[in-house]
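Convention: sequence-line order gives letters A, B, ...; per-chain numbering from 1.
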Number of protein chains: 2
Amino acid sequence: MGMASTDLEARLRASGVRPTAQRLAVLGELAAEPNDATAQVLWQRIRERGGRRVGLATVYRTLALLHEHGVIDALSHHDGERCYRLCTGAHHHHLVCESCHRVVEVAECDLDPWVAGVARRHGFVARAHQVEISGTCASCRAA
Amino acid sequence: MGMASTDLEARLRASGVRPTAQRLAVLGELAAEPNDATAQVLWQRIRERGGRRVGLATVYRTLALLHEHGVIDALSHHDGERCYRLCTGAHHHHLVCESCHRVVEVAECDLDPWVAGVARRHGFVARAHQVEISGTCASCRAA
DNA sequence: TTTAGTGCAAAAGTTTTGCATGGTC
DNA sequence: GACCATGCAAAACTTTTGCACTAAA
């Protein structure tokens, strides 16, 4: 399930981010989280895990940095907190459950022609697009 | 573009929200905003407009109340602030220029079948979706 | 040696809450 | 009068920043 720490390290290196112990701790915690997590939550988990001591400010700085370098995604916030999530490199979209905040990655995307057409009609040239679908997942609907 | 204040009043009444002067001020300000706005921004505009004095806490309370009653939508946060928008039922997406940051609203959207299908295939029931296309606009390309 | 990264504490910003007051039914 | 809504100020929280210190190239 988890990603070997050497993988994470390689991932940072490949993105031009120096893989310090603190950054690996943050990224490792994020890799262990199937959904999304906030800076505060990640910080608490790292601290509970009791390994190396990481400052809260460093967690914030690291998340911002990783996001800038495209290593992690930033999602819509639920409660006034920003959420981050480790993502696969391939183009994908997000399905977010409004009730339990579960996030599912959706690989299927045949929107490129539509996107290009919409952009052209407004004088734009599209470079990227992002879709976020919110709704309720099966288990929340059952409850 | 503005909505008559009697319309807004009726809208509140219909939703079971008592139409006080402050709530109408907040809602009126939101009706004048084509995009989305934060509590802080709305508060400042009301205060600049110089009419009735409205407390910041009231703006927050009003937005939360209106959202609960489905009168307004809460959108993803922009920078750690929550954004609200009047529900028009008119669904649109955003085209953002990466160079000049201009935002253009795109009304055309025939994505509902696609969105519903994607959601269903993952056990979700979709309620809303948001598309953001980034690229370069015509004038930036010319420059 | 030079630079980038970090911890800590303080600051900045946003949202919420407590409480007395004012307005409505 | 009973109750809901409001203003103001304080509190709670999230996030950013300044600065001295440490680790690394």
May I ask you to verify if any side-chain N or O of Tyr60(A) is less than 4.0 angstrom from the OP1 or OP2 atom of dT16(D)?
-> no

Which residues pass the side chain to side chain donor-acceptor pair (under 3.5 Å) test with Glu68(B), sequence neighbours left out?
-> none

Among all residues two or more places apart in sequence or in another chain, which pass the side chain to side chain donor-acceptor pair (under 3.5 Å) test with Trp114(B)?
-> Asp110(A)

Whole-Å distance separating the CG atom of Leu56(A) from the P atom of dT17(D) = 14 Å

Between CG on residue Leu95(A) and CD on residue Glu132(A), distance to nearest 0.5 Å = 9.5 Å

side-chain contact (heavy atoms from CB on, under 4.5 Å) partners for Glu33(A), two or more places apart | Asn35(A), Ala37(A), Arg45(A)

Using atom CZ of Arg47(B) as one end and atom P of dC8(D) as the other, report the distance to the nearest whole Å.
-> 9 Å

Anything under 3.5 Å between a protein N or O and an N or O of nucleotides 8-11 of chain C, put it in a table, one pair a line.
unit_1	atom_1	unit_2	atom_2	d
dC8(C)	OP1	Arg53(A)	NH1	3.0

Got a sec, which residues hit salt bridge (Lys or Arg N to Asp or Glu O under 4.0 Å) with Arg121(A), two or more places apart in sequence or on another chain?
-> Glu108(B)

Separation of atom CD in Glu9(A) from atom P in dA24(D), rounded to whole Å | 12 Å

Rounded to the nearest Å, what distance is computed from the CG atom of residue Leu24(B) to the P atom of nucleotide dA5(D)?
-> 13 Å

Residues in side chain to side chain donor-acceptor pair (under 3.5 Å) contact with Arg13(A), at least two apart in sequence or another chain = Glu9(A)

For Arg61(B), enumerate each residue passing the side chain to side chain donor-acceptor pair (under 3.5 Å) test, keeping only those at least two apart in sequence or located in another chain.
-> none

Pairing residues for Arg141(B) by the side-chain contact (heavy atoms from CB on, under 4.5 Å) criterion, not counting sequence neighbours | Val125(A), Thr136(B), Ala138(B)

Taking N or O atoms only and anything under 3.5 Å, show me the protein contacts with nucleotides 3-5 of chain C, one pair per line.
unit_1	atom_1	unit_2	atom_2	d
dG5(C)	OP1	Arg23(A)	NH1	3.0
dG5(C)	OP1	Arg23(A)	NH2	3.2

Whole Å only: how far is the CD atom of Gln40(A) from the C1' atom of dC13(D)?
-> 8 Å

